[in-house]
Amino acid sequence: MIEMFERDFEFRGKHATYTKFLKDTAKVFNRNIDIYMEASIIGLLHGRLAERDTTDTDRTNILAGVFIEEKEKCKFLFRVIMLLDTSTGLTPEQCLDRAFREDNNEVALKKNMALFNSYVYGGIEVLYEKFFTNCTTSDDYLNMIYTFVNNFKNDINGITDES
Amino acid sequence: MLLRSLKLNNFRQYKDEQLITFSNDKTKNVTVILGDNTSGKTTLVQAFNWTLFDSAAFTTKDFLLNMEVAQDLRLNETANVVTEICLTHDNIDYIITRTQVYLRTSKEVTFNQSRVKVSYKQTDGQLKEIIPTDSTIRKILPPELSGYFFFDGERIGSISSKNDVTESVKGLLGLSELFNAMKHLKSAIKLFEMNMDIKGNRNAELAFERMNSEIARREILLEKLSNAKNEIIHYELRKEHLQEVLRDNQSTKLYQKKKEELEENIKRETKALEDTCKRLISEFNTNAIGFFSQPLIKRASEFLKSIDVADKGVPNMNASSINFLIQRGHCICGAKIEDGSEVHAHLMKESDYLPPQSIGTSIRLFREQMKMYQKGSENYHGNIERKFIDICAYRDRIQNWEDDVEEISIKIKGKDNFAKYENELSDVKVRLRRFYDESESISRDEGACANEIEKAHKSYNSFVSATSKNIEIMNYIMYAQKTYEWINVTYIAKEKEIKEKLENKVNEIFSKMYHGNRKVVIDDKYRVTLLTSYADEDIQTDESRGLETVKNFAFIAGLVDLARKKIIGNIGDGDSIVNLSSEPYPLVMDAPFSNADEKHVGNISKILPEIAEQVIMVVMAKDWAYAKNVMGERVGKQYMLNKESETRTYIAEVAIND
């Protein structure tokens, strides 16, 4: 049985740079895995897919041990995204299968993980844009966290109101 | 003093006997002698110096015999150089004759030391010769002052500003008698003291010694005391200054305290701020997934609802059961199961719904997870928002406090090191105590010392006055001392008066001669300097020679004028009146105008005859041309120097209107 989220994961190129920025400069995220998980959500919400950057300009990683700690969360997010992604033109049933039935299918799993990670890369880019522009001091970054959360809350409420 | 005549015999270029008679008229008191350069003007004036003082400034040293006469001398033959002045001084007519003998030897012409003869006319008309001493001629005219009265116009530069002519001026102005009296009294006192008989009196000697050593000791103590007192003054000032600074600093202290309080607050609040920030970020990270996946969860829930994912499988049956049936080849109902048949396909589909292929469980699990995240996310925003509000409040307070701190810092800038001043103040107080103690103890010592001196003095006096001779001498000493003081009082007052008068007179004359913004000042050595009044500050200025000339003229004129007046003074208490009168003096001038300009020549010419009893001038014809306009009427006698050759000049009287 192949398990997902049990191996080391490496960011490269600009995604590594952005990740380091978010964790070490802006210090809004505590661990790379927090960025990884958040980015997956943000990527899907913004419909932002990005290709893995393979250039060797920068690197940073998430160790297997860390993944194992957060396996349940990551799997949950995986299922959500596999369920809700519409970029590949699958039918709802196919989405369902993809989300729940293909864990053991090596080939399918590989494809699905690639899709998941695409959203992660996209999400990192969105997060970077949010925290990099217009922020310079640590006060700025902290304010941006609140703004980010607050605006998100308002958006959610907006959606609730509409429906 | 009035000059009557000058007779020259073979004196320098004046061959044979030649006579000049000076005008003694009261109004026409000017005698003019005209001569060009090298005709012998200077020689004439120097003749006065030589006759009176045996000194004359000639370049060819002391060879005074007329050259022609000298050349005509045969071996071992002698010739005389004689000059004779007739003058009146103090109402007595004097004849002063100086002779120098020249002898031709085989080598050269030599001469001896000149000799002077002084005679005066007695009341009966007879001439009486006196033996001249050093002071004979000096009484008539002191040599130091000769430069003022026998006036060399070209060498005028330094007369009135450098030499110390104090004694001579005093003499001229009539203070000498008093001065000499005091001098005499002082030496008399000394003599008396020396004559006191204490040699035989050992006790008196000892007492005298003790007295002197105590006096010396007292001097030292007084000096120490003065030093200590100076230190005290210095440190008292410092103490006052420091106390003032510290008073000033009281408010600074309060500010300082407030500032420290604020800084404590800021520190504390900053820590709280940091903690809260950390907690906010932690909250943000930890429960992020729950919150941010809300919209996704919503969509996923709806999605799952829309698809009927109810558990379609046969209860309690699983995929291995179906596999078994397929392996067996026939179903529970007995139907045959063949690969690729419809039956087979149905069974395969069915197994999809059964665990482990069943996703129902997974979905159920999934739904539970969704519910859990949804619940956990309810407080996410609130927690973060509250923390953020606190953070803003912290930041605000910190900023306000930091602004306050900045304000205070500016207020107390530079004033907040009072610890240093306090330390210095206590140091100063310690020093002061020490100096006060020291000066007290020195004072006591000095008092004791003074007592010792008095005791020793008393004892000395009692030992000394034991002998009657000493008693007598002590009386004399007392008399002498009292007389001295009596005269001194008058002397000081008179000297001041005369000096003031002189200065005023000189300034008065000066301003008549020179029309400019200048003043002269006479110091206590009777030296004259020229000041310019410039915005109330009197500064010495560089002087042109012309101005120098006028200044010196003014000084001389002032001296002469003062000497003319009778100065009546009161000695002591007003009972005795002593006549301090002094002689009027003539002015004998050689080329007086050579350094003055036209304008000044006129001014000087007008004043001189008014001031001096008698003016005798030896001038160049061209200079006389200017002065004649002003002075012409005052001329009583006029002469001309006819230079016949380099070695021979004759003096000829000329009619005045030439």
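The sequence lines fix the lettering, A, B, ..., with proteins before strands; numbering per chain opens at 1. Both backbone and side-chain heavy atoms feed into the values below; hydrogens, waters and symmetry mates do not.
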Pick whichever of B:Ile297, B:Leu365, B:Leu296 has the most heavy-atom pairs under 4.5 Å with chain A.
-> B:Leu296

Residue A:Leu77 versus chain B: region with a heavy atom under 4.5 Å | side chain

Calculate, to the nearest 0.5 Å, the distance between atoms CZ and CG belonging to B:Phe292 and A:Leu44 respectively.
-> 14.5 Å

More than 12 heavy atoms of other groups within 6.0 Å of B:Gln327 CD = no

Closest approach of B:His381 and A:Asn150, non-hydrogen atoms and distance?
-> NE2-OD1, 2.7 Å

Does a sphere of radius 6.0 Å around NE2 in B:His346 hold more than 12 heavy atoms from other residues, nucleotides or ligands, not counting ones at 6.0 Å or beyond?
-> no

Any A:Ile41 side-chain heavy atom under 4.5 Å of B:Phe291 side chain = no

So which of B:Glu385, B:Met370, B:Arg299 has the biggest tally of heavy-atom pairs under 4.5 Å with chain A?
-> B:Glu385

Take atom CD of B:Glu240 as the centre, draw a 6.0 Å sphere, and report whether it contains more than 12 heavy atoms from other residues, nucleotides or ligands.
-> no

Here the gap from A:Phe76 atom CZ to B:Ile289 atom CD1, rounded to the nearest 0.5 Å, amounts to 9.5 Å

CD/B:Glu283 to CD1/A:Ile145 distance, rounded to the nearest 0.5 angstrom?
-> 11.5 Å

What do you reckon, is CZ of A:Phe152 surrounded by more than 12 foreign heavy atoms closer than 6.0 Å?
-> yes

Given A:Val80, A:Asp139, A:Ile81, the one with more heavy-atom pairs under 4.5 angstrom with chain B than any other is A:Asp139

Rounded to the nearest 0.5 Å, how far apart are CG of A:Asn30 and CZ of B:Phe284?
-> 10.0 Å

Residues of residues 264-281 of chain B near chain A, each having a heavy atom less than 4.5 Å away | B:Cys277, B:Leu280, B:Ile281

Among A:Arg31, A:Glu93, A:Arg79, which has the most heavy-atom pairs under 4.5 Å with chain B?
-> A:Arg79

Measure A:Lys27 against the heavy atoms of chain B and call it side chain, backbone, both or neither at under 4.5 Å.
-> backbone

Verify the neighbour count for atom CZ of B:Phe303: are there more than 12 heavy atoms of other residues, nucleotides or ligands below 6.0 Å?
-> yes

B:Ile391/A:Tyr146 under side chain to side chain contact (heavy atoms under 4.5 Å, CB included): CA gap, chis, key distance, verdict = CA-CA 11 Å; B:Ile391 286 170; A:Tyr146 174 72; over 6 Å; no

What do you reckon, is NZ of B:Lys257 surrounded by more than 12 foreign heavy atoms closer than 6.0 Å?
-> no

Heavy atoms from other residues, nucleotides or ligands near NZ of A:Lys73 exceed 12 (cutoff 6.0 Å) = yes

Flag the one option from A:Pro92, A:Ser40, A:Cys95 with the top tally of heavy-atom pairs under 4.5 Å to chain B.
-> A:Pro92

With a 4.5 angstrom heavy-atom cut-off, could you sort out which part of A:Asn143 is near chain B: side chain, backbone, both or neither?
-> both

Heavy atoms of other groups near A:Glu51 CD, more than 12 under 6.0 Å = no

